[in-house]
Amino acid sequence: MTSDQVKSILLEEISNIAPEADLSALQPDADLREELDIDSIGFLNLVIALGRRLGVNVPEQDYSHLATLRGAVEYLANSASKVSANPRT
Amino acid sequence: MGIFRMPSLGADMEAGKLVEWLKQPGDAVKSGDIIAVVETQKGAIEIEAFETGIVESHLAPVGATVPVGIELALIRTAGGQAAAASPQAPRPAPSTAAVQAAPLPAAPLADLGLRASPAARQFAKEHGVELSSVQGSGPEGAIVYVDVERAWLAGQTRGEPSKPRPEKRAAAGTDAMRAAIAAAMARSKREIPHYYLGDAADVTKSIEWMSARNAVRPPDQRLLFAALLLKAVALAVASYPEFNGHFRDGRFESAANVHAGIAIALRGGGLVAPAIHGTAKLSLDQVMSALRDLANRVRAGRFRGSELADPTITLTSLGERGVGWVQPVIYPPQVAIIGAGAPQLRPWVLDGQVVPRQICELTVAADHRVSDGHRGALLLREIADRLQSPEAL
């Protein structure tokens, strides 16, 4: 899966959590949760959705990698490629 | 024969508009089944039946304004015995006739090209669901609200991207919700003599236990601190019944069970605090599941009448990114509300040493007609104690 595909999926799922937000205005290094006012339940729902769509279950200790759009895409693209390289799920 | 009356859906609302019947004359209904949908300031509320039987007739048409206590339907119960109309004494029905719109034609759905109820169409429009792709479960295959909602939810869980929602009703409805909150909070401050207490609780053990547990679980089985708080409150209040129940008609009635209300903030403003039923009897995982389910439905503008009317005590938790403490306001007719600030790593003294610990500021506001500060302090202490043994929650 390419970074662009990951980004596209990530943005779709973010828009499910924050449907009224204008994601095109989102800066790559802005704190997602602050910018979009996402609380812990919203964030957990996002992590669950990403797990379903990308096959990546982000452990709690890695949540900080999802702080910004740029960081999240990088982390998820990396993890997604590991999943496909090792398909035991 | 039982008369099913419009139940109360909370202290801050008095009448709604009946938008859809989900059970028709001749349909079997059992206690807990959703029988109708009523539109209120807080969104579309599903009204549950209290008894089991067969729907004999509707007593209010779609479109009618339905105040609390108004007759909605006749239900023929097994054995033909008159069933209790509601689990608690219904508010006195207004002596004037029900405010009713002109009754709708007998088969309104037949006029529409695609047989779908008005509520179903509205939901489909707001959520970008293609009506033609929805399986109808209404009379003669007509599409009703729950069918569209189910189709939309199925689209969500399949991981399909949902179509961008138009600026939804929540924004337009914010004024109505704000008015409802204003009414409830003004009433609370006017009628309830509040007293306030707070204490800092060392919740390091709970947080570490939770992190260790979450580390080995997939996301949909992970816990949030709010679930631990809910369970701790529910268990603690068992020893302090004067904080769990309702004050109505000049007297307090302690509740047999704990239905903990949880304050949920809505995107774009607004707040609801629906109940998780039987909180004390649920496992932590079940509380967490109920919490997520409730939050998702609330944010979709869709929850059940009993969830709004039934909380016996409420928790308002600021989550992990909120500020240090919150002093909440009691939701009438409840008599207490617990506040929990965001856990913060602070220097703390333990065994004579200064060490970093996760500290959570717990607060309580309670009704001075029913309880006193001494007991309130003991309740707070009990909640903090429960959080020292998270594995027992």
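A, B, ... follow the sequence lines: proteins, then strands. Residue 1 opens every chain. Keep in mind the model is a prediction, meaning the values are calculated, not measured.
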- How long is the span from the CG atom in A:Asn16 to the CG atom in B:Asn296, to the nearest 0.5 Å? 10.5 Å

- Note on the structure: Contact list (residues 62-73 of chain A to chain B, heavy-atom gap under 4.5 Å, by number) returns A:Tyr63

- Query: Do A:Glu60 and B:Arg222 sit within salt-bridge range, that is, some charged N less than 4.0 Å from a carboxylate O?
  - Reply: no

- Item | N/O donor-acceptor pair under 3.5 Å between B:Arg267 side chain and A:Asp37 backbone | yes

- Query: What pairs with A:Asp22 under side chain to side chain donor-acceptor pair (under 3.5 Å), at least two apart in sequence or on another chain?
  - Reply: A:Ser24

- Check B:Gly319 against A:Ser40 and note the closest heavy-atom contact, atom names and distance. CA-OG, 4.2 Å

- Message: Out of A:Ala18, A:Gly51, A:Ala49, return the one with the most heavy atom pairs under 4.5 angstrom to chain B.
- Response: A:Ala18

- Answer yes or no: does atom CH2 of B:Trp325 have more than 12 heavy-atom neighbours from other residues, nucleotides or ligands under 6.0 Å? no

- Among A:Val56, A:Val47, A:Asn45, A:Leu50, find the residue that satisfies the side chain to side chain contact (heavy atoms under 4.5 Å, CB included) test when tested with B:Pro219. A:Val47

- Item | Contact check, side chains of B:Met288 and A:Leu44, non-hydrogen atoms, under 4.5 Å | yes

- Query: Which value, rounded to the nearest 0.5 Å, describes the distance between A:Ile41 atom CD1 and B:Leu291 atom CG?
  - Reply: 4.0 Å

